[in-house]
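All residue numbers refer to positions in the sequence shown, counting from 1.
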Amino acid sequence: LEAFTGNTLTTFEALEQELRAHEQQLQDMQSVQQELLRNQKVELVESIAGGISHDLNNLLFVINLNANLLKKHLANDQARGYLEVISKTIKRANRLSSQLVAFSGRKSQSTQAFQPLELIDDIEELLLNAVGAEVDFHLEAADDLGVIQTDKHYFENALLNMAINARDAVSGRGKVQIRLYNQKRQVQGESRNYVVVEVADNGSGIPLDVQSRIFDPFFTTKDVGKGSGLGLPMVHNFARQSGGFIEVESTPGAGTHFFLGLPHCHLAAAAAAEAAEPAAKAGRESVLIVEDDMTVR
């Protein structure tokens, strides 16, 4: 009886372990399937966004060009005021178009090695204006930040997008902190050194059911007209194309922390900058403009 009971228990334990293993495999398969579906959706939206941004740029170019030409021939102040409104609206549309281009990946990154502190000093005032005067804003950066190799324009846009999201999370009246520091992380099984940009706010936090969707294109929890749903997806694409990562930690009622990590580069920033500056060449070359849209041409 003891032998039978022991064998039965052993069998049940083995079955239980096998069941747990199957459950884990099922969870892994479901996770892979969800990631595959997300990637397919992102690829589809990227393709659509790229096509829309191209056509939109052409239309905006023609509108802006003709508005500027018309402005030169108008003496009426009221009419010139209307054109000024048109020009400002075109600029807003251009920013949206730029987000579409960046999200679609059709504008390739112009990478170079640089020290993030150089860029932070240049855009600190821009970040202050982005979060607003009523926000308690703090910017901290370690003195020994590593050199990164990425597109400066995309990096600047990523910082601004995360800062604006943090501002919206605190309704323009809370605390927003941006910290830059070095950190060794293991990402996808590989241990590397990163420059991490941490953007923290003390807002209401992100509900768990929303956290899994914040990087989906065109998904937004903001009111109609206040968010395009492209900011965080653009940051996500930028991190991926730069070989880095982006993570979020949020507790409802306790604020949100975003972590954007970009891998260290072994090149010296100064030497890389010199190498990236080709010598100017004077000559008598011709420029050929090829454009299928007659109004743009």
Side-chain angles (χ1 to χ4, degrees), residues 42-114 118-119 122-123 126 130 148-161 164 217-218 228-231 233-243 267 269 271-297:
V42 168
E43 287 176 5
L44 175 62
V45 176
E46 282 179 354
S47 177
I48 295 172
I52 291 174
S53 63
H54 173 75
D55 293 338
L56 181 59
N57 274 332
N58 279 353
L59 294 172
L60 292 173
F61 176 81
V62 175
I63 294 170
N64 190 51
L65 176 63
N66 283 278
N68 286 333
L69 291 172
L70 182 59
K71 194 173 182 179
K72 294 180 178 181
H73 299 281
L74 284 179
N76 185 287
D77 290 339
Q78 187 176 15
R80 291 174 68 89
Y82 294 148
L83 282 176
E84 192 64 33
V85 173
I86 292 174
S87 296
K88 289 180 180 179
T89 306
I90 290 171
K91 288 179 181 179
R92 290 175 58 192
N94 268 322
R95 285 197 292 270
L96 178 59
S97 179
S98 296
Q99 284 187 320
L100 283 169
V101 173
F103 172 74
S104 69
R106 291 201 175 187
K107 180 184 176 184
S108 59
Q109 291 193 28
S110 177
T111 62
Q112 65 181 100
F114 64 93
E118 301 170 5
L119 185 61
D122 292 338
I123 68 167
L126 192 59
I148 59 175
Q149 185 170 9
T150 188
D151 187 300
K152 280 188 174 183
H153 177 70
Y154 277 70
F155 181 62
E156 178 182 321
N157 276 347
L159 286 178
L160 286 172
N161 269 300
I164 291 170
F218 302 109
S228 62
L230 285 172
M234 191 204 74
V235 178
H236 182 272
N237 277 17
F238 165 68
R240 184 186 63 185
Q241 292 170 9
S242 301
L267 296 175
E274 290 177 6
E277 293 287 343
K281 293 182 179 180
R284 297 182 179 180
E285 295 84 4
S286 298
V287 176
L288 173 66
I289 298 176
V290 180
E291 173 57 55
D292 59 346
D293 189 320
M294 186 183 70
T295 52
V296 175
R297 189 169 66 247

So do [Y] and [X] actually touch side chain to side chain, heavy atoms under 4.5 Å?
{"X": "Asn237", "Y": "Arg240", "result": "yes"}
{"X": "Asp293", "Y": "Arg297", "result": "no"}
{"X": "Gln241", "Y": "Asp151", "result": "no"}
{"X": "Thr150", "Y": "Phe238", "result": "yes"}

Would you list the pairs meeting side chain to side chain donor-acceptor pair (under 3.5 Å) in which at least one residue belongs to residues 64-74, sequence neighbours left out? Lys71-Glu84
For the [atom1] atom of [X] and the [atom2] atom of [Y], what is their distance to the nearest 0.5 Å?
{"X": "Lys91", "Y": "Thr89", "atom1": "NZ", "atom2": "OG1", "result": "11.0 Å"}
{"X": "Leu159", "Y": "Phe155", "atom1": "CG", "atom2": "CZ", "result": "4.5 Å"}
{"X": "Leu119", "Y": "Lys152", "atom1": "CG", "atom2": "NZ", "result": "6.5 Å"}

Locate the shortest heavy-atom distance separating Leu83 from Ala67; write the atom from each residue and the value. CD1-O, 3.9 Å
Identify the heavy atoms of Leu160 and Ala130 that sit nearest to each other, and give their distance. CD2-CB, 4.2 Å
Side chain to side chain donor-acceptor pair (under 3.5 Å) with Asn58: which residues, sequence neighbours excluded? none
N/O donor-acceptor pair under 3.5 Å between Arg80 side chain and Ala75 backbone: no
Crowded around Gln78 CD? As in, over 12 foreign heavy atoms under 6.0 Å? no
